[in-house]
Amino acid sequence: MRLYKLKDDDGEIVVVAGLQHFSLKQIADSGQCFRMTALPVSDGIKESYSVCWGEHHVRVDATDTPEQFVFHCTEDEFRQTWYRYFCLDYDWYPLVQSGAVANTDTFLTNAIQYGGGIRILNQGLWETLICFMISQNNNIKRIAKSVDLLCQKYGTRKCDRGIEYYTFPSPPALIGADFSNLGLGYREAYFNELFLPNHASDFANWFIKVHTADSYETAKKLLMMTKGIGNKVADCICLYGLQHFEAYPIDTWMKKLIDDIYSGHFDTTPYASCAGYVQQLQFYYYRSLKKTKQGGC
DNA sequence: TCCCAGGCTTGGT
DNA sequence: ACCAAGCATGGG
């Protein structure tokens with residue numbers, strides 16, 4: 001992977017060349033994140049996405065040159081924010097591919113061929129916590145809508161090189177907040193309880209404990225102590241928020257998949273260091289086979 | 001009208 | 001320990 005710092009009309013840009021196994025569309029549609037939206041493309045650009053995370057925003061283009069991308073931000077922003085967000089320092093692809101072949105797992109082999117441009121995003125504990133509390137028994141389109149409404153109501157409106165966006169609310173902004181009219185449904189009660197004003201210090205302590213937990217198991221246990229966070233949501237938060245790659249979230253799709261493809265049991269131990277990546281590949285591929293029509297995120 | 005969506009809590013065995 | 005109902009809401 002090579003970086004080139006250039007300038008265009010709007011300011012500094014970073015061109016990334018030789019970035020293998022990276023697909024904006026696949027990441028946007030993978031169901032990990034809910035604030036990545038497609039933009040119209042122009043000449044020389046195959047895909048263009050607006051990516052929001054925390055208070056940050058960037059436009060990223062996939063160019064006509066294979067494995068070449070343009071990040072419309074400064075080199076500092078790229079290195080400090082987006083390189084980490086997209087988890088570009090390590091590529092699990094080769095390990096999982098050779099593992100799938102060694103285990104004669106043709107489904108996984110097909111899955112990585114189909115969706116090998118997926119990365120496990122590093123979205124931080126805070127944003128992952130909120131988004132995946134909303135995600136339970138919900139669909140991706142509606143999750144994205146609720147998250148968007150939340151950002152509009154409690155975030156800050158900003159403009160990045162001509163693109164308007166709202167920052168993700170900070171923790172203090174949600175203490176005692178009004179969670180009605182966000183389309184949360186029955187999940188609203190979970191938010192009201194978690195962000196009760198008189199429990200603000202309890203929340204802060206709990207959050208820090210989760211953040212500094214010494215292991216996946218400890219973090220997961222702590223997460224599941226809160227109402228609204230069960231086994232699956234805790235796994236998603238561990239994986240996307242805390243980089244516990246051994247987490248392997250099982251939702252309704254994964255249940256069906258494991259039933260269908262692996263006759264009821266899938267052993268993650270051969271992929272222990274990257275079980276979450278394997279899960280994403282399986283999830284993404286299986287949905288592509290089964291779904292008739294579905295919006296992205 | 002019924003069923004499903006990146007499930008969880010609660011209350012029954 | 002496992003199982004079922006109920007849970008808001010929107011879309012097919």
Side-chain angles (χ1 to χ4, degrees), chain A residues 25-36 111 114-115 118-125 127-150 153 178-196 206 210 219-262 264-266 268 275-297:
Chain A
K25 180 179 168 44
Q26 288 175 14
I27 293 168
D29 294 345
S30 68
Q32 288 177 69
C33 62
F34 307 100
R35 301 172 67 208
M36 194 167 165
Y114 179 79
I118 291 176
R119 297 299 183 110
I120 299 297
L121 301 178
N122 180 5
Q123 306 184 64
L125 176 58
E127 196 161 325
T128 317
L129 169 70
I130 303 300
C131 292
F132 281 90
M133 275 181 67
I134 296 172
S135 77
Q136 71 163 62
N137 195 23
N138 206 340
N139 61 66
I140 292 176
K141 205 183 267 183
R142 201 156 77 95
I143 298 163
K145 191 177 179 185
S146 288
V147 171
D148 197 42
L149 288 171
L150 185 72
K153 191 163 181 185
D178 172 21
F179 294 100
S180 63
N181 300 315
L182 301 175
L184 295 179
Y186 69 89
R187 305 160 198 82
E188 189 180 324
Y190 299 143
F191 283 85
N192 286 331
E193 183 167 339
L194 187 57
F195 294 112
L196 270 177
W206 170 81
V210 175
K220 184 170 174 180
K221 245 179 232 169
L222 281 165
L223 282 165
M224 288 176 66
M225 286 169 59
T226 358
K227 258 189 220 168
I229 302 179
N231 184 63
K232 188 268 174 183
V233 167
D235 270 336
C236 284
I237 297 170
C238 282
L239 182 56
Y240 310 130
L242 296 170
Q243 309 280 253
H244 291 307
F245 298 113
E246 62 266 56
Y248 185 81
I250 297 179
D251 69 327
T252 52
W253 286 95
M254 290 303 295
K255 270 200 193 85
K256 276 186 274 183
L257 182 156
I258 291 169
D259 243 26
D260 250 27
I261 311 292
Y262 299 100
H265 180 70
F266 179 76
T268 59
Y277 176 60
V278 170
Q279 187 271 2
Q280 271 305 112
L281 294 169
Q282 294 170 324
F283 175 80
Y284 184 75
Y285 183 50
Y286 191 70
R287 273 170 54 107
S288 80
L289 299 176
K290 296 295 175 182
K291 73 185 177 185
T292 48
K293 47 185 167 179
Q294 173 98 9
C297 75

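Convention: sequence-line order gives letters A, B, ...; per-chain numbering from 1.
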Whole angstrom value for the distance that separates [atom2] of [N] from [atom1] of [X]:
{"X": "A/I140", "N": "C/dG10", "atom1": "CD1", "atom2": "C1'", "answer": "15 Å"}
{"X": "A/L129", "N": "B/dG7", "atom1": "CG", "atom2": "C1'", "answer": "16 Å"}
{"X": "A/M225", "N": "B/dC8", "atom1": "CE", "atom2": "P", "answer": "16 Å"}
{"X": "A/D251", "N": "B/dC4", "atom1": "CG", "atom2": "C1'", "answer": "13 Å"}
{"X": "A/L223", "N": "B/dC8", "atom1": "CG", "atom2": "C1'", "answer": "14 Å"}

### Pairwise C1' distance, C/dC2 and B/dA5 [rounded to whole Å]
24 Å
#### Entry: P gap between C/dA8 and B/dG11, integer Å
15 Å
Counting any heavy atom closer than 4.0 Å, what does [X] reach on the DNA or RNA strands: base, sugar-phosphate only, or nothing?
{"X": "A/K227", "result": "sugar-phosphate"}
{"X": "A/T226", "result": "sugar-phosphate"}
{"X": "A/Y240", "result": "base"}
{"X": "A/E193", "result": "nothing"}

### Summary
Residues A/I229 and A/V233: closest non-hydrogen pair is CG2-CG1, 4.0 Å
### Message
On DNA chain B, does the nearest nucleotide to A/M224 precede the nearest nucleotide to A/F283 from the 5' side, or the other way round? Give the residue.
### Response
A/F283
### Message
Counting only side-chain nitrogens and oxygens, does A/K255 get under 4.0 Å of the OP1 or OP2 atom of B/dA5?
### Response
no
### Query
Is A/T252 near enough to B/dG7 that one of its side-chain N or O atoms lies under 4.0 angstrom from OP1 or OP2?
yes
Does a donor on one side chain sit under 3.5 Å from an acceptor on the other, for [X] and [Y]?
{"X": "A/N231", "Y": "A/K220", "answer": "yes"}
{"X": "A/Y284", "Y": "A/Q32", "answer": "no"}
{"X": "A/Y240", "Y": "A/Q280", "answer": "yes"}

### Message
Is any side-chain heavy atom of A/V278 closer than 4.5 Å to one of A/F266?
### Response
yes
Enumerate the protein-to-nucleotides 5-9 of chain C contacts in which both atoms are nitrogen or oxygen and the separation is below 3.5 Å.
from: C/dA8; atom 1: O4'; to: A/Y186; atom 2: N; distance (Å): 2.9
from: C/dA8; atom 1: N6; to: A/N137; atom 2: ND2; distance (Å): 3.3
from: C/dT9; atom 1: O2; to: A/R142; atom 2: NH2; distance (Å): 2.8

### Query
Is a salt bridge present between A/D29 and A/K25, judged by a nitrogen-to-oxygen distance below 4.0 Å?
yes
### Task
Would you mind checking if A/R35 and A/D148 are paired as a salt bridge, meaning a charged N to carboxylate O distance below 4.0 Å?
no
